[in-house]
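Predicted, not measured: the structure shown is a model, and the values here were computed from it. Whatever order the structure lists them in is the order used to number ligands and atoms, beginning at 1.
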Amino acid sequence: MVLKRDNTRMVPVFIFISCILTSATTNAPHKMNNQKVLISSNDFPETGLKVLHEHFTVVQSRFNNFGEEGLKENKEELLNLIPGCSALVWISHHPITKELLDKAGPNLKMIAAASAGYNHCNVEELKARGIKLSNTPNVLSSAVADIAVALMLAASRRFTENLGQVRSGLWRIGFQYELGQEIRGSTVGIIGLGGIGQTVVKRLVGFEVEKFIYTGRKEKPEGKALGAEFVSLDNLLAQSDFVVLAVPLTTETKLMINSTTLGKMKQNAILINVGRGDLVDQDALYDALKSRRIYAAGLDVTTPEPLPKDHKLLTLPNIFILPHIGSATERTRSDMAVLAANNVVNALQGKPLITPVLQ
Ligand code: NAP
């Protein structure tokens with residue numbers, strides 16, 4: 001038996017499907033599919049991708065910014081993908097090069113850095129080209145402040161030495177061995193009382209800190225509200241048992257902790273850096289820790305990153321180093337991605353950036 005196909009019965013189905021498709025395209029709110037947004041590596045959280053997909057055509061590098069090979073492959077991939085893109089989401093602490101901006105051409109309106117710091121973003125070049133720049137402050141303050149407090153505890157309670165004992169099985173058990181210092185009763189000095197610096201103070205409230213002091217470009221009302229006293233840098237270095245670096249890396253702050261400033265610190269002082277590696281002269285820090293000029297240090301950021309495993313800082317017992325994990329929690333990375341994506345949406349819809357660096 002031969003079945004005869006009745007095409008006329010299919011017509012209403014085609015009309016129904018095409019109606020749905022048309023309405024899906026026309027009803028999509030603010031969808032600007034002709035605008036392309038490039039994501040600089042393959043590890044952007046789904047939550048941020050979802051926001052971008054709702055509005056734009058998203059192109060994404062297949063590579064990560066990790067290791068020599070990843071960096072090389074990613075660099076080439078980005079140079080190939082960027083022509084014609086209207087926005088770039090930059091998930092990296094590596095510099096945004098002039099070469100990449102040249103390749104982008106005149107379509108590129110904005111860059112959304114998925115970080116609070118933007119020292120790597122070539123701000124002057126972006127300004128000259130009229131390209132907007134956003135960052136992701138505030139949403140990461142809690143996570144980074146947690147790591148600052150973790151580093152304070154790790155450095156003051158000698159985690160590096162103590163972990164070494166656990167790993168070797170040779171525990172020095174005794175009443176007077178491996179004694180550390182306490183946060184209780186201490187003076188904590190914050191260099192840069194911004195989003196992160198303020199959250200560190202809030203986190204430490206239960207630790208019975210004797211005194212909070214801070215330094216910066218100017219006194220801040222938030223300082224008063226937190227019970228922190230504004231002092232000069234020299235005064236902070238002279239008084240503090242813990243010195244917490246939470247400033248951006250700029251020409252002003254580069255190497256602000258050096259042999260001179262380390263020389264002004266108390267002998268029991270503990271230096272914490274959650275800002276950027278280049279805030280600290282690492283050779284001077286090594287000398288100060290080795291000679292016990294200061295007591296200890298805790299770093300989330302170093303120069304370079306990764307720090308080579310045979311770096312001399314890693315030979316010291318009185319330093320605790322983390323691999324730049326300040327904002328590395330699922331919740332915070334997701335929040336950063338959504339904020340970066342919403343900055344792109346605003347920029348390409350002609351609205352003000354939510355967290356502008358260059359508006
Ligand atoms: P923020 O809210 O902008 O705060 C920065 C603070 O530093 C502000 O209070 C600012 O004072 C102060 N400051 C600027 N220049 C200074 C100077 N020359 N001397 C002293 N203080 C100065 O930034 P944030 O979100 O707290 O982040 C701070 C930095 O932490 C970022 O720039 C980034 O480099 C780093 N960071 C690291 C991680 C990590 O994973 N470890 C994560 C996020 C951020 P004014 O208010 O007077 O300008």
Shortest non-hydrogen contact from Ser115 toward His120: OG-CE1, 3.5 Å
All side chain to side chain donor-acceptor pair (under 3.5 Å) counterparts of Asn258, not counting sequence neighbours: Thr261
Could you go through ligand 1 and note, for every N or O atom, any protein N or O atom closer than 3.5 angstrom, writing the atom names and distance to 0.1 Å, or 'none'?
from, atom 1, to, atom 2, distance (Å)
ligand 1, 2 (O), Gly195, N, 2.9
ligand 1, 9 (O), Gly194, N, 3.1
ligand 1, 9 (O), Lys220, NZ, 3.4
ligand 1, 18 (N), Glu252, OE1, 3.2
ligand 1, 26 (O), Gly195, N, 3.3
ligand 1, 26 (O), Ile196, N, 2.9
ligand 1, 34 (O), Arg276, NH1, 3.4
ligand 1, 40 (O), His324, NE2, 3.3
ligand 1, 40 (O), Gly326, N, 3.4
ligand 1, 41 (N), Val274, O, 3.1
ligand 1, 41 (N), Asp300, OD2, 2.8
ligand 1, 46 (O), Lys220, NZ, 2.4
ligand 1, 47 (O), Lys218, NZ, 3.2
ligand 1, 48 (O), Arg217, NE, 3.2
ligand 1, 48 (O), Arg217, NH2, 2.3

NZ/NE/NH1/NH2 to OD/OE distance under 4.0 Å, Arg129 and Glu125: yes
Sequence-distant partners of Glu182, side chain to side chain donor-acceptor pair (under 3.5 Å), two or more places apart: Arg184
Carboxylate-amine/guanidinium proximity below 4.0 Å for Asp146 and Arg203: yes
Report, one line per pair, each donor and acceptor closer than 3.5 Å where one atom sits in a side chain of residues 186-200; sequence neighbours left out.
from, atom 1, to, atom 2, distance (Å)
Ser186, OG, Ile183, O, 2.6
Gln198, NE2, Leu193, O, 3.0
Thr199, OG1, Gly195, O, 2.6

